[in-house]
Amino acid sequence: MAPRGIMPCAGGLEPPRSLMTDPNNRNEIRITRLCLSVTLGVLAEVIYFLAAQGKHAFLDHHPRTLVEVIVFGAAVLFLIYGNVLYQCCRLGYYQRRRKHKPALREALNQLNDGEAPSLAILIPSYKEETPVIWQTMVSAALTEYPEKSVTLLIDDPYRPQSTEDVSKLEEARNMSDTLQKMFDSPASHYGEELLAFRRRAGGDSKAEVERLAQCYVEVSEWFQALGAQFLSERNSSFLSHTDRFFLEEIIQEPARRHAAFAEELRERMRRNDIPDDAYCERQYIRLAGLFNVRFSSFERKKYRNLSHESNKAMNLNSYIGLIGKAWREVECGNGWQLREALPNAANFEIPDARYLITLDADSLILSDYALRLIQIMEQPENQNLAVIQTPYSAFPDSQNLLERIAGATTDLQYIIHQGFTQWNGTFWVGANALIRRRALEDIKHTRLENGFRIAVYIQDRTVIEDTESTIDLIGKGWQLHNYPERLAYSATPPDFGALLIQRRRWANGGLLIAPKLLRYAAKRPKNWGLCKELFVRFHYLASLAGVSAATLLVFLYPFKDSLATIWVPLSALPYFILYARDLKIAGYRCSDVFRVYALNLILIPVVLGGVLKSLHQGVTDTKIPFGRTPKISGKTAAPALYCFLELVLPMIFLAAFGWDMSAHRWSHALFSLFNGAFFAYALVRMVDMRDMASGLVRPREVMEAWLRGPWRSSRPLGENS
């Protein structure tokens, strides 16, 4: 259920039509309800079947069979739990789409008419490629909002050792100044145009509208020039799909939109429908705010009294704790420290900000992102709304099969997260989010680090910091909300090694956070609303561990043929039908549902590795290092242990098939053959087998990795230091 008073608003820039079709929401609701009814009916039959099998095993005094029934039943029921949840979220998503209506531009312009609340856009960065940073910072700067700043939070080592790292760090440090020069000229020009219009107020209305139209033509030309510069700096014949998306959605689409608005103004003049001065002033204010942005960068690792923990959360926390104050750099014997100071004695001052946008350095936001979301946050009835976001989508049209299918899973996760909001189970997704800073202050706590007191707003106990902070926020009575438009996009790992880093990190921490969720539930009034919320939230925390373990168990353990029943595969049929339908709507092929299934199979060892790291952390109380996901196309080497497991598992499926055939377990033999074939397909089509095979020619490394275990990596995967 959406927070009270949240106005359904569409708008912003719709993704290109090539990305998705526009579904019939009413029809999709009916189909989902039908499939959900079938699934629940099959679930009842599965429960009846398992109960009957358990009863027979108990009465016949077969304890081993009884244990098998319990284990098999738990695995199957957890998998069906996920199927039901997906369908419930899908139903909620299309119900929200049906109610979703556009907010008029006049409503958004109210933020321009008055004193807009201040906004800081924070981009945490660690050893990022310069083009990746540039695109993200430009997309952030071009989000339409009158009062904003864009800060790059550089987390590279302050004194890097390699020549490559030195060069990359210098480019990151210079990025803010370069962009500030690029934006200062149009910002100054349109600020002067606004002042000049106000001085001329009450003059020739037709001449004023013509001048305003010319200003919008100039803005369109500025975007076109930026696009031409972008193409000149890259070989236009070899633009990546990410580059093409940036060019189309961040540069060319606004250029067309501003040119169309200029033509609309001139058409009104031809009809003698002359806008009044108040209308023209709003448009000048909009222009003045479009380029009015303050760029800066900040390096926390320069200062000894800020946290140096190697994770994104503490990079953000270090800067958030400085907002709204003036600071003086003090050189001590062992380095620099920051001390709060009066403005006239400070080295720098960080302006206050009522709202923060956290944006990963491989993500882009469309131009309406800030206006749409802040307009909702500013409604009086939504003052308890802490986080609002548009769960990110994948950049479309990748020619890399692995990247495309992994992106498909991201695009369908968008549907699940939108359904979460319908069920009051929204989770903060950290790639992009608009956050009320007062809410962060409410969950702030401090700790000692290297003898200094450090402020912590966003949890860093696990590497899924946004998920744990969600529980902190709802525990304090705050709400979270997913805005039902695709206004944010993020990169998908381009190769298996990079995808391994990302997905293993996602699987690491959910089980550690689950007890905090249960403590939250224990304090809440016990009602149906809490049951629905827990139904969603618990699965989100436990699903990666539970589904992977359950799937592997059902695949590989030779359960008795008496447990084979047609009801189990039938329970998954509605899920796969709806999943294929959603893939088609999102711009993929229905047949991609089989490729998604194959990809999820080869990710099972990866996910279980992340789960084991969580369990190791829970037992030893040692923090797991944050593993950065590489942001550019290239080959990220997968660890030897995972190479070994990926190549051995198809052989295990084949061995299970032979064993089942010899024992006349025909149904399980067919099941093993089916999944072994999909696993092999994913390896051959989605993974560079030469890179995989290289793991087998390093037997010593494989053995050391096996003995150490996937829970004990000495450093984050994919990082050199």
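Quick note: residue numbers are just sequence positions, from 1.
Ring centroids of Y483 and H100 are separated by less than 6.0 Å, placing the two rings close together. Two rings, from Y145 and Y369, have their centers 6.0 Å or more apart. Ring-centre distance between Y319 and F298: below the 6.0 Å cut-off. Ring centers of H258 and F261: at least 6.0 Å apart, outside the cut-off. Remark: aromatic rings of F183 and W222 are close, center separation under 6.0 Å.
Looking at residues two or more places apart in sequence or on another chain, you find no salt bridge (charged side-chain N to carboxylate O under 4.0 Å, His left out) involving R589. R30 is linked by a salt bridge (charged side-chain N to carboxylate O under 4.0 Å, His left out) to nothing, counting only residues two or more places apart in sequence or in another chain. Take R286 and apply the side chain to side chain donor-acceptor pair (under 3.5 Å) test, not counting sequence neighbours, and it matches E144. K444 meets the side chain to side chain contact (heavy atoms under 4.5 Å, CB included) test with E441, T446, A455, Y457; sequence neighbours excluded. When the salt bridge (charged side-chain N to carboxylate O under 4.0 Å, His left out) test is applied to D177, no partner is found at least two apart in sequence or on another chain. In this structure, the salt bridge (charged side-chain N to carboxylate O under 4.0 Å, His left out) partners of E28, at least two apart in sequence or on a different chain, are R90, R581.
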Start with the C-alpha distance between R198 and E193, add both sets of side-chain angles, then the distance that settles salt bridge (Lys or Arg N to Asp or Glu O under 4.0 Å), and finish with yes or no. CA-CA 9 Å; R198 286 172 171 166; E193 287 286 352; over 6 Å; no
Take F245 and Y489 through the ring-ring contact (aromatic ring centres under 6.0 Å, His included) test and state the conclusion after the steps. CA-CA 9 Å; F245 183 90; Y489 293 80; 4.5 Å; yes
For a side chain to side chain donor-acceptor pair (under 3.5 Å) check, start with the C-alpha distance between R436 and Y355, then their side-chain angles and the critical distance, and finish with the verdict. CA-CA 5 Å; R436 193 186 303 273; Y355 294 107; 3.2 Å; yes
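Judged purely by distance below 3.5 Å, without hydrogens or angles, the side chains of H241 and E403 pair a donor atom with an acceptor atom. Using modelled atom types and a 3.5 Å distance limit, the side chains of Q135 and S139 yield no donor-acceptor pair. Side-chain atoms of Q422 and Q418 include no donor-acceptor pair closer than 3.5 Å. D466 and S469 share no donor-acceptor pair across their side chains, judged by distance under 3.5 Å alone. Side-chain N/O atoms of W478 and D442 include a donor and acceptor closer than 3.5 Å. There is a side-chain donor-acceptor pair under 3.5 Å between R257 and S367. Between the side chains of N25 and Q95, no donor-acceptor pair is found at a separation under 3.5 Å.
Side-chain contact between N432 and I357: absent, with no pair of heavy atoms (C-beta onward) separated by less than 4.5 Å. Looking at R200 and R211, their side chains come closer than 4.5 Å, going by heavy atoms from C-beta outward. Annotation: side chain of F395 is not in contact with side chain of F246 (no heavy-atom distance under 4.5 Å). The closest side-chain heavy-atom distance from L239 to R234 is below 4.5 Å. Using a 4.5 Å heavy-atom threshold, the side chains of T178 and M182 count as separate. Between T151 and I123, the closest side-chain pair of non-hydrogen atoms is not below 4.5 Å. Contact of the F223 side chain with the L142 side chain is registered, since non-hydrogen atoms from C-beta on lie closer than 4.5 Å.
Remark: E329 engages K302 in a salt bridge, criterion side-chain N to carboxylate O under 4.0 Å. Ionic pairing of E485 and R372 is not present here: no N-O contact between side-chain nitrogen and carboxylate oxygen is shorter than 4.0 angstrom. Salt-bridge check for E263 with R256: failed, with every basic side-chain N at 4.0 Å or more from each acidic carboxylate O.
Rounded to the nearest 0.5 Å, atoms CD (Q399) and CZ (R404) are 8.5 Å apart. Residue T421 holds its OG1 atom at 3.5 Å from CG of N482, rounded to the nearest 0.5 Å.
Note that R268 lies in the cation-pi zone of Y279, set by a 6.0 Å cut-off to the ring centre and a 45° limit from the axis.
Checked against M377 for a side-chain contact (heavy atoms from CB on, under 4.5 Å), the options N382, I388, V387, I435 give a single hit: I388.
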